[in-house]
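Hydrogens, waters and symmetry mates play no part in the numbers below; they use all other heavy atoms, side chains included.
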There are 2 protein chains.
Amino acid sequence: MSVNPLSPTPLYVQVADLIAARIESGELEPGKPIPSEKSIQQAYGVARGTARRAVEILRERGLVVTMPQRGTFVVEA
Amino acid sequence: MSVNPLSPTPLYVQVADLIAARIESGELEPGKPIPSEKSIQQAYGVARGTARRAVEILRERGLVVTMPQRGTFVVEA
DNA sequence: CTATATTTGTGCGTATGTATG
DNA sequence: ACATACATACGCACAAATATA
């Protein structure tokens, strides 16, 4: 899946939704890291700030936890 | 102190005045950084553009100098 | 042990679009 | 038309902590 820059839905929400779907599908497993901000930038073709906001949303949703200088991990079910 | 959105005085001027007062009171000391744009946003509940314009005014008044990617600092007395 | 690469945190610069008075 | 204000989104640079070679 990819992102649609023309959609009225902010890119960072779209990216968050795409990653959330990968978590819920089991592709990204509990306890394991999601892609780094840099990987997200490259994978979805967005700026780092956009990737960071997307991850911030996932934290707000309680799907992930971020450990500084370590990464962001899927929360245990 | 806080900001008044209903005042005829633009928000960015109000924010600039509040920060200027903190400089003149000595709370923000010469040579030391004033709060970041993000901190100003959060502290005064304004958008980033408003915070930026406020800092721009402080620069015009000669109260601070901005060093790109490093921060904005109170000028030496 | 040292050096490098990775990853997140922070800070500013800039541009565009939208809405309001 | 213009100024104000907010939101989104691109970018660069540097720091600090961690992971790896």
Would you indicate which nucleotide in [options] comes nearest to any side-chain atom of [X]?
X	options	value
B:Arg48	C:dC12, C:dT7, D:dA5	C:dC12
B:Ala47	D:dC10, C:dG13, D:dA7	D:dA7
A:Thr66	D:dC10, C:dC12, C:dG9	C:dG9

Mind calculating the distance between [atom1] ([X]) and [atom2] ([N]) to the nearest angstrom?
X	N	atom1	atom2	result
B:Ile40	C:dG11	CD1	P	11 Å
A:Tyr44	D:dA9	OH	C1'	18 Å
A:Gln41	C:dT8	CD	C1'	12 Å
A:Met67	D:dT18	CE	P	9 Å
A:Ile34	C:dT6	CD1	C1'	15 Å
A:Glu37	C:dT10	CD	P	11 Å
A:Glu56	D:dA7	CD	P	13 Å
A:Lys38	C:dG9	NZ	C1'	15 Å

Please name the residue in the list B:Thr50, B:Val55, B:Val3 that meets the side-chain contact (heavy atoms from CB on, under 4.5 Å) test with B:Tyr12.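 Testing B:Tyr12 for a side-chain contact (heavy atoms from CB on, under 4.5 Å) against B:Thr50, B:Val55, B:Val3 leaves exactly one candidate, B:Thr50.
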Using a distance-only criterion (donor-acceptor N/O pair, under 3.5 Å, no hydrogens), is the base of D:dT18 paired with the side chain of A:Gln69?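 Answer is no: no donor-acceptor pair is held.
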Does atom CZ of B:Arg70 have more than 12 heavy-atom neighbours, drawn from other residues, nucleotides or ligands, at distances under 6.0 Å?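 Counting neighbours around CZ of B:Arg70, 12 or fewer heavy atoms of other residues, nucleotides or ligands fall under 6.0 Å, so no.
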Between [X] and [Y], is any pair of side-chain heavy atoms under 4.5 Å apart?
X	Y	result
B:Ile19	B:Val64	no
A:Arg53	A:Leu11	no
B:Leu63	B:Glu24	yes

Give B:Arg52 one of three labels, base, sugar-phosphate or nothing, depending on what nucleic acid heavy atoms sit under 4.0 Å from its own.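 Result for B:Arg52 = base.
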Which part of the nucleic acid, if any, lies within contact of B:Gly71, taking any heavy atom under 4.0 Å across all strands shown: a base, the sugar-phosphate backbone alone, or nothing?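 Answer is sugar-phosphate: B:Gly71 comes under 4.0 Å of backbone atoms only.
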Taking for each residue the nucleotide of DNA chain D bearing the nearest heavy atom, is the 5' side occupied by B:Arg70 or by A:Arg53?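 Nearest-nucleotide comparison on DNA chain D picks A:Arg53.
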Taking only side-chain N and O atoms of B:Thr50, does any of them lie within less than 4.0 angstrom of OP1 or OP2 on D:dC6?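 Answer is yes, contact under 4.0 Å.
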Given D:dA9, is OP1 or OP2 found less than 4.0 Å from the side-chain N or O atoms of A:Tyr12?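 No, outside the criterion.
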Across all strands shown, which nucleotide pairs with D:dA1 by Watson-Crick or G-U wobble geometry, both distances under 3.5 Å?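 Partner of D:dA1: none found under 3.5 Å.
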